[in-house]
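What follows is a single structure, written as structure tokens, with notes after it.
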Amino acid sequence: MITIPADPYPFTLDPATTALVVIDMQRDFVEPGGFGETLGNDVALLQSVVPPLRKVLDAFRAAGLTVIHTREGHVPDLSDCPPAKLNRGEPTLRIGDEGPKGRILVRGEYGHDIVDELAPLPGELVVDKPGKGSFHATGLQDELVARGITRLVVTGVTTEVCVHTTVREANDRGYECLVLSDCTGSYFPEFHRVGLAMIAAQGGIFGWVAPSEALITALVPQEVAS
Ligand code: TIU
């Protein structure tokens, strides 16, 4: 068992029953010309998530622990995209329209895939989801049960949308979630700050929050100079 200093109190985990969940680190959200930008967002705000998240990925991989990636998107005929989602707002391009990185938020398109720096390795589970939450209309819960996973280290984008929805879904299903503050990000810095505060408030109503350094320090045994 390892213990990580966290808000609102230390988070204890058994690495064997803990998974790293990397939510929607797709070009569509993180790079120009994708879904995030069509919604009117400055996607540059999400770039800072990539380097610390890569360090966490490396630490989980080096320790041989479970890594799960998610991707938000839809099948090419958009039959899994409710009209309420398709028609919402006034985006410059709608889901399914042809954009500079392929059809917006459509599975199999270049823009739908995960950024190169965080690309899944063979053997890592990739969960394709049509909604904001990672449990809705996916096999994620069955996959977690099959692996004996009870705790999730949650990362990715965006803090108040897909990260929050996933943490809330996980919370109601009995999973303990540690959200890494520097490995999650939002197009709205205020929403990021408040989103994290909402998770840890009320004694950890949805889970715990910590910087990635706290997790890595606990996960990777430090060399003691002799
Ligand atoms: N728009 C926004 O902030 N997020 C999403 O649409 N999806 C995710 O958060 N992945």
Side-chain angles (χ1 to χ4, degrees), residues 1-26 29-30 45-72 114-115 117-121 124-125 127 132-135 140 144 149-171 175-201 204-220 222:
M1 299 293 275
I2 64 172
T3 299
I4 298 134
D7 189 20
Y9 58 91
F11 184 80
T12 298
L13 63 82
D14 174 358
T17 58
T18 301
L20 173 66
V21 182
V22 183
I23 297 178
D24 300 358
M25 289 302 294
Q26 300 160 253
F29 293 106
V30 178
L45 282 162
L46 302 189
Q47 297 289 336
S48 65
V49 171
V50 175
L53 183 42
R54 177 56 196 259
K55 282 191 189 168
V56 172
L57 251 185
D58 287 347
F60 266 72
R61 287 168 172 167
L65 306 182
T66 302
V67 174
I68 300 171
H69 305 259
T70 72
R71 296 183 298 202
E72 181 180 347
I114 293 166
V115 297
E117 299 93 318
L118 307 174
L121 292 182
E124 293 177 352
L125 181 65
V127 174
K132 305 306 183 197
S134 301
F135 288 85
L140 177 58
L144 295 175
I149 299 294
T150 61
R151 299 195 168 219
L152 307 177
V153 173
V154 184
T155 63
V157 296
T158 63
T159 312
E160 79 281 12
V161 182
C162 291
V163 171
H164 238 268
T165 306
T166 296
V167 167
R168 289 168 186 239
E169 287 182 327
N171 193 71
Y175 295 95
E176 309 274 34
C177 294
L178 172 67
V179 180
L180 299 184
S181 53
D182 53 334
C183 295
T184 49
S186 171
Y187 303 119
F188 304 88
E190 181 67 0
F191 292 175
H192 176 69
R193 188 182 67 74
V194 175
L196 295 179
M198 288 167 70
I199 288 166
I205 193 76
F206 294 127
W208 287 256
V209 176
S212 61
E213 194 59 37
L215 173 68
I216 289 175
T217 301
L219 204 56
V220 182
Q222 300 298 296

| Heavy atoms, side chains only, cut-off 4.5 Å: are Phe188 and Leu45 in contact? | no
| said: Measuring only between side-chain heavy atoms, which start at C-beta, is Ile2 closer than 4.5 Å to Leu13? | reply: yes
| message | Run the side chain to side chain contact (heavy atoms under 4.5 Å, CB included) test on Glu169 and Lys132 for me, step by step, so that the C-alpha distance in whole Å, both residues' side-chain angles and the decisive distance to 0.1 Å come before the verdict. | response | CA-CA 10 Å; Glu169 287 182 327; Lys132 305 306 183 197; over 6 Å; no
| Least distance between heavy atoms, Ala214 atom then Ala210 atom | CB-CB, 4.5 Å
| query | Does a side-chain heavy-atom distance below 4.5 Å link Val154 with Thr184? | reply | no
| message | Within this structure, what is the CG-CG distance for the pair Leu215 and Leu180, rounded to the nearest 0.5 Å? | response | 5.5 Å
| Which atom names give the shortest non-hydrogen contact between Val30 and Met25, and what distance separates them? | CG2-CE, 4.0 Å
| Distance-minimising heavy-atom pair for Thr159 and Ser186 | OG1-N, 3.8 Å
| request: Locate the shortest heavy-atom distance separating Ile4 from Ala218; write the atom from each residue and the value. | output: CG1-CB, 3.8 Å
| request: Please confirm whether the backbone N or O of Gln26 pairs with a side-chain atom of Arg71, one donor and one acceptor, at under 3.5 Å? | output: no
| message | When you compare the side chain of Glu176 with that of Thr150, does any pair of heavy atoms fall below 4.5 Å? | response | no
| Going by atom types only, do Thr12 and Thr3 share a side-chain donor-acceptor pair under 3.5 Å? | yes
| request: List the atom of Ala16, the atom of Ile149, and the distance in Å for their closest heavy-atom pair. | output: O-CD1, 4.2 Å
| said: Test side chain to side chain contact (heavy atoms under 4.5 Å, CB included) on Lys55 and Ser212; report intermediate values, then the result. | reply: CA-CA 9 Å; Lys55 282 191 189 168; Ser212 61; over 6 Å; no
| query | What do the steps show when you test Leu196 against Val179 for side chain to side chain contact (heavy atoms under 4.5 Å, CB included), and what is the final call? | reply | CA-CA 8 Å; Leu196 295 179; Val179 180; 3.8 Å; yes
| So, the side chain of His192 versus the backbone of Ser181: is there a donor-acceptor pair under 3.5 Å, distance only? | yes
| query | Can you tell me if His164 uses its side chain to pair, donor with acceptor, with the backbone of Gly195 under 3.5 Å? | reply | yes
| query | How many angstroms lie between CG in Asp58 and CD1 in Ile216, if you round to the nearest 0.5 Å? | reply | 8.5 Å
| request: Return the minimal non-hydrogen interatomic distance between Gly156 and Leu53, and the atom names on each side. | output: N-CD2, 4.4 Å
| remark: Taken to the nearest 0.5 Å, the spacing of Ile23 CD1 from Cys162 SG works out to 7.0 Å
| Minimum side-chain heavy-atom gap Leu219-Leu65 below 4.5 Å | yes
| task | Hey, could you give me the CH2/CG distance between Trp208 and Leu178, rounded to the nearest 0.5 Å? | result | 8.5 Å
| field | side chain to side chain contact (heavy atoms under 4.5 Å, CB included) assessment of Phe135 paired with Leu144 | value | CA-CA 11 Å; Phe135 288 85; Leu144 295 175; 3.9 Å; yes
| message | I want to check something: taking the side chain as every heavy atom from C-beta on, are His69 and Glu124 in contact at a cut-off of under 4.5 Å? | response | yes
| Given side chains that start at C-beta, do those of Val161 and Tyr187 come closer than 4.5 Å, heavy atoms only? | no
| field | Reported CZ-to-CG distance for the pair Phe60 and Leu20, which is rounded to 0.5 angstrom | value | 5.0 Å
| request: Nearest 0.5 Å please: distance from the CG atom of Leu140 over to the CG atom of Leu152. | output: 7.5 Å
| message | For Thr166 and Ser134, which I'm curious about, is there any donor-acceptor pair between the side chains at under 3.5 Å? | response | yes
